[in-house]
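Below you'll find the structure, written out as structure tokens, and then a few comments.
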There are 2 protein chains.
Amino acid sequence: MTTSADNNLTDAQNELYDWIKSYMKDFQHSPSIRQMMEAMRLKSPAPIQSRLKHLQEKGYISWQEGKARTMQIVDEIIEGVPIMGSVAAGGLIETYSDLQENLDITDVLKKKDVFALSVNGDSMIDACIADGDMVLMEPIKDAYSIRNGTIVSAMVPGLGTTLKYFFKKEGKIFLEAANTAYEPIELNLDEVVFQGKLLAVWRKI
Amino acid sequence: MTTSADNNLTDAQNELYDWIKSYMKDFQHSPSIRQMMEAMRLKSPAPIQSRLKHLQEKGYISWQEGKARTMQIVDEIIEGVPIMGSVAAGGLIETYSDLQENLDITDVLKKKDVFALSVNGDSMIDACIADGDMVLMEPIKDAYSIRNGTIVSAMVPGLGTTLKYFFKKEGKIFLEAANTAYEPIELNLDEVVFQGKLLAVWRKI
DNA sequence: TTGTCATGAAAACAAATGTACTCTAATACA
DNA sequence: TGTATTAGAGTACATTTGTTTTCATGACAA
């Protein structure tokens, strides 16, 4: 959470600002002054008006005068970041082109029931999935629809969950690591529960 | 953008719904019925109420009765996804624990002036950055503050941009690949412009 | 035609709400 | 101590706004 600490706001203004942000995140619309009044445990709208005025002067919020619940938080609304070009990670060096499009990360997040798993270990290292990475997974409804070569998270009851390449051959399931140090696991379809298939990898440095 | 086409809404409802979504995205608050009336080129609020009622019945929107501008779009609001536990990507298999916290990807996006670059080539493959990955970078203000071992995007004027490990030794800059097939590049500090340092890696499957 | 239904116009009403004003209590400061 | 400043209570008021009701129009089926 973004706690506003290092700014030029008084405690009262800060408390109100944080509450407003939280309210607007939850409800997708602005609170009314009287709601803020109650939330701040006040019994008159005047102090709220004063604090809002200060927040507005300092550039934190804005609203349409006279209109009900028209507050906006003046803040960078980010759904993506600009893609500034491509970089060479090889021998030949490519040019750095400016501002083509936007990288939208949230599209993956908007898929239904997406969940994340943190990766332990290095068995997927050859697929460039390292220890500590977060993998974003989409639930698998139908185990029969999984394509060979998909990376899945699978639970073998009694053992636990693992991230592996999925292969199916002659009625048998093979879960293969992307690391030659590990042997493939061979299973029957009814011995394993597939939780999700890999959508994306996220690594924060 | 999400254009609502394949749903059970009439054209009029669809047009209103799309307009509402667009308005709320721009203004961070709900429009009033009279605003919708004007936007839909109507001269009475009644048709809007009717359409809103239908949108609500079909589960697209909700609002607080009698309260001004309290509409919400019933939609998955996602800033993060639940982290469902950890998966083994190694020999030992770990347990799959339920619902601990949320993975917030947007925190990185909120840093100032973050930009993305798409990666070409495999020179960073040993750092688990593969061809086609998107790297999120934070601008470097001060080249002197870069720590050894940081992954940076650097532009060598006349040549182009490359993603490499940064090392500084005895006044010289070394840009090293994470791939033994590539030789380190040795440069003077004034021969190179550093654009950003690595914040995160994003790979969409 | 006739009745029904849906859509929209028009008007009216009451509640919600922003705003302004006065007054009091607390606080800071000289 | 006395005075200025500020925060907050209390109140009042006009506008905004959701809601209801009535009426007109047109489409459509019986």
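Numbers restart at 1 for each chain; the letters A, B, ... are given by sequence-line order, proteins then strands. As the structure is a prediction and not an experimental result, all values here were calculated from the model.
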Residues from residues 62-72 of chain A sitting under 4.0 Å of DNA chain C, heavy atoms only? W63(A), E65(A), G66(A), K67(A), A68(A), R69(A)
Under the rule for side chain to side chain contact (heavy atoms under 4.5 Å, CB included), what residues qualify as partners of S50(B), not counting sequence neighbours? H54(B)
Pick one: which of E65(A), Q64(A), M71(A) meets side chain to side chain contact (heavy atoms under 4.5 Å, CB included) with K67(A)? Q64(A)
For D11(A), enumerate each residue passing the side chain to side chain contact (heavy atoms under 4.5 Å, CB included) test, keeping only those at least two apart in sequence or located in another chain. none
Contact between P47(A) and M40(A) at the side-chain level, heavy atoms closer than 4.5 Å - yes or no? no
In what stems does DNA chain C take part, counting only runs of at least 3 consecutive Watson-Crick or G-U pairs whose two distances fall under 3.5 Å? C:1-30 with D:1-30
Could you list all the salt bridge (Lys or Arg N to Asp or Glu O under 4.0 Å) pairs where at least one residue sits in residues 134-152 of chain A, not counting sequence neighbours? none
Could you list where the contact with chain B starts and ends along DNA chain C, reading 5' to 3', using a 4.0 Å heavy-atom cut-off? dG8(C) to dT17(C)
Nearest-nucleotide comparison on DNA chain C, the residue closer to the 5′ end among R51(B) and P31(A): R51(B)
Look at the side chain of D133(A) and the backbone N and O of V201(A), then say whether any donor-acceptor pair between them is shorter than 3.5 Å. no
For N148(B), enumerate each residue passing the side-chain hydrogen bond (donor to acceptor under 3.5 Å, both in side chains) test, keeping only those at least two apart in sequence or located in another chain. none
Going by side chain to side chain contact (heavy atoms under 4.5 Å, CB included), name the residues that satisfy it together with K53(B), two or more places apart in sequence or in a different chain. E57(B)
I need the NZ-C1' distance between K53(A) and dA7(D), as an integer number of Å. 14 Å
Under the side-chain hydrogen bond (donor to acceptor under 3.5 Å, both in side chains) rule, what pairs show up with a residue in residues 31-49 of chain A, not counting sequence neighbours? E15(A)-R41(A), Y23(A)-Q35(A), Q35(A)-R69(A)
S62(B): partners by side chain to side chain contact (heavy atoms under 4.5 Å, CB included), with sequence neighbours left out: Q72(B), V74(B)
Return yes if some donor-acceptor pair links the side-chain N/O of Q56(B) with the main-chain N/O of W63(B) below 3.5 Å, else return no. no
First encountered from the 5' end of DNA chain D, between Q49(B) and H54(A): H54(A)
Rounded to the nearest angstrom, tell me the gap between atom CG in L52(B) and atom C1' in dT20(D). 15 Å
Residues of residues 36-48 of chain A with a heavy atom under 4.0 Å from any atom of DNA chain D, listed by number, are L42(A), K43(A), S44(A), P45(A), A46(A), P47(A)
Quick one: do the Y182(A) and D122(A) side chains pair a donor with an acceptor below 3.5 Å? yes
Can you sort out the partners of D190(A) under side-chain hydrogen bond (donor to acceptor under 3.5 Å, both in side chains), two or more places apart, ordered by chain and number? none
